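Comments concern the structure below.
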There are 2 protein chains.
Amino acid sequence: MGYDENIDVCTDDIVHEQTLQHVRTNMLNDQIVNELAEFFRLFGDATRLRILYALSLSEMCVCDISEFLDMSQSAVSHQLKVLRQSRLVKYRREGRNVFYSLDDEHIQQIIAIGLKHINEKYTES
Amino acid sequence: MGYDENIDVCTDDIVHEQTLQHVRTNMLNDQIVNELAEFFRLFGDATRLRILYALSLSEMCVCDISEFLDMSQSAVSHQLKVLRQSRLVKYRREGRNVFYSLDDEHIQQIIAIGLKHINEKYTES
DNA sequence: CTGAAATATGAATATATGTTCATATGAACA
DNA sequence: TGTTCATATGAACATATATTCATATTTCAG
């Protein structure tokens with residue numbers, strides 16, 4: 001439905017036209033933004049983040065992860081499905097076990113930067 | 001309530017004890033994980049991501065952002081509040097306008113890595 | 001001081017999403 | 001082949017959260 005009724009949010013005619021023009025010119029397109037948001041959303045849940053970090057330490061089977069997280073196998077499987085579908089993790093079958101591991105080299109980088117951010121907030125005056 | 005009833009998810013006694021031990025030893029603690037997830041969650045919404053990316057291009061006042069995103073001033077203000085409280089953005093008042101800008105040097109880095117990820121998915125066979 | 005403009009915010013609502021529960025699938029073992 | 005173990009998955013449910021609507025706050029113009 002957009003937000004057409006109230007198109008003149010600001011009354012200075014166009015408030016800061018140059019700013020708007022610059023931002024509009026250099027903005028990411030909608031598809032990219034949406035994919036990017038979906039990508040980051042995966043890191044925005046503590047369970048998934050724990051799984052991703054654990055897998056950065058070692059390949060693990062589903063029941064290892066369940067036990068490690070102290071969560072139901074079902075909950076873990078559901079999250080693994082999400083991570084699989086987004087190609088953040090891959091898996092291989094070995095007998096009855098399915099072993100998961102990271103499938104994206106950016107995961108560690110992103111987490112590392114996040115940790116820096118957290119640490120700096122701590123050490124801030 | 002935890003997940004105590006079903007502590008033996010896997011029956012191989014303890015499935016891959018060495019793996020578990022290694023992961024447990026090197027895992028982030030809960031507080032860090034939770035803060036990290038909250039941090040990443042901020043990037044996991046398209047509106048916030050648009051705002052953050054726009055602010056990486058230029059300082060903007062609220063109504064610039066509203067107009068740019070074609071969203072209500074209220075919706076934008078609510079999201080800015082979230083970003084403010086997490087210290088991702090800062091603001092300064094100039095007359096009636098409030099100008100927002102990024103307050104975290106990691107934002108661009110994280111977005112850049114995310115974009116790399118997206119691009120590689122595209123160029124994948 | 002009064003009204004208008006820019007921004008902030010509380011409550012309500014609609015939607016998204018994580019977990020549980022029950023059950024299905026698929027592999028190994030007897 | 002039938003049973004058991006490891007994993008996957010659909011539906012239901014509960015919670016989280018983004019947007020809207022109405023209104024409050026703050027600043028400037030007159």
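A note on names: the letters A, B, ... follow the listed sequences, proteins ahead of strands, and every chain is numbered from 1. All of these numbers come straight from a predicted model, not from anything done at the bench.
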Which part of the nucleic acid does B/Y91 contact within heavy-atom distance under 4.0 Å: base, sugar-phosphate only, or nothing? nothing

Do you see a donor-acceptor pair shorter than 3.5 Å between the side chains of A/E35 and A/Q31? yes

With respect to B/F43, which candidate in A/F40, A/F43, A/F39 satisfies the ring pair (Phe, Tyr, Trp, His ring centres under 6.0 Å) definition? A/F40

Among C/dT17, C/dT7, D/dA8, which is the nearest nucleotide to the side chain of B/V62? C/dT7

Rounded to the nearest Å, what distance is computed from the CD atom of residue A/Q85 to the P atom of nucleotide D/dA8? 12 Å

Starting at atom CE of B/M71, determine the distance to atom P of D/dT17, rounded to an integer number of angstrom. 17 Å

Roughly, in whole Å, what's the span from CD1 in A/I65 to P in D/dT7? 9 Å

With the side chain counted from C-beta on, respond yes when A/L115 and B/I32 share a heavy-atom pair under 4.5 Å apart, and no when they do not. yes

Sub-4.5 Å side-chain heavy-atom contact between A/E105 and B/H117: no

Please tell me which of the listed nucleotides, D/dT17, C/dG18, C/dA8, lies nearest to the side chain of A/Q79? C/dG18

Whole Å only: how far is the CG atom of A/N34 from the P atom of C/dA16? 13 Å

Answer with yes or no whether B/S74 presents, from its side chain, a donor or acceptor under 3.5 Å of a partner atom in the base of C/dT7. no

Rounded to whole angstroms, how far apart are OH on A/Y100 and C1' on D/dT7? 8 Å

Should C/dA30 form a Watson-Crick or G-U wobble pair with both distances under 3.5 Å, which nucleotide is its partner? D/dT1

Rounded distance (Å) that lies between atom C1' of D/dT7 and atom CG of A/L80: 10 Å

How would you list, by chain and number, every residue that makes a salt bridge (Lys or Arg N to Asp or Glu O under 4.0 Å) with A/E59, sequence neighbours excluded? A/R92

Could you run down nucleotides 25-30 of chain D 5' to 3' and tag each one B, S or - for protein heavy-atom contact under 4.0 Å? --BBS-

A/R50 with B/D30: basic N within carboxylate O range, under 4.0 Å: yes

B/S77 side chain to B/S74 backbone, donor-acceptor under 3.5 Å: no

Is it true that B/R41 and A/D45 make a salt bridge, defined as a side-chain N closer than 4.0 Å to a carboxylate O? no

State which of C/dT9, D/dT19, D/dA8 makes the closest approach to the side chain of B/R84. C/dT9

Step through the shown structure and confirm whether more than 12 heavy atoms of other residues, nucleotides or ligands are within 6.0 Å of OH on A/Y91. no

Starting at the 5' end of DNA chain C, which residue's closest nucleotide do you reach first, B/V98 or B/K81? B/V98

Tell me whether the side-chain N or O atoms of B/S72 pair up with the base of D/dC21 as donor and acceptor below 3.5 Å, since no angle test is needed here. no

Given atom CG of B/D70 and atom P of D/dT19, what is their separation to the nearest angstrom? 12 Å

Could you state the atom-to-atom distance from CG of B/L69 to P of D/dT20 in whole Å? 12 Å

Quick check: any donor-acceptor pair below 3.5 Å linking the side-chain of A/Q73 to the base of D/dA8? yes

Base D/dT17 paired with B/H78 side chain (donor-acceptor, <3.5 Å): no

Applying the side-chain contact (heavy atoms from CB on, under 4.5 Å) criterion to B/L83, which one of B/D103, B/L52, B/D104 satisfies it? B/L52

Contact list for DNA chain D against residues 44-61 of chain A - heavy-atom distance below 4.0 Å: A/C61

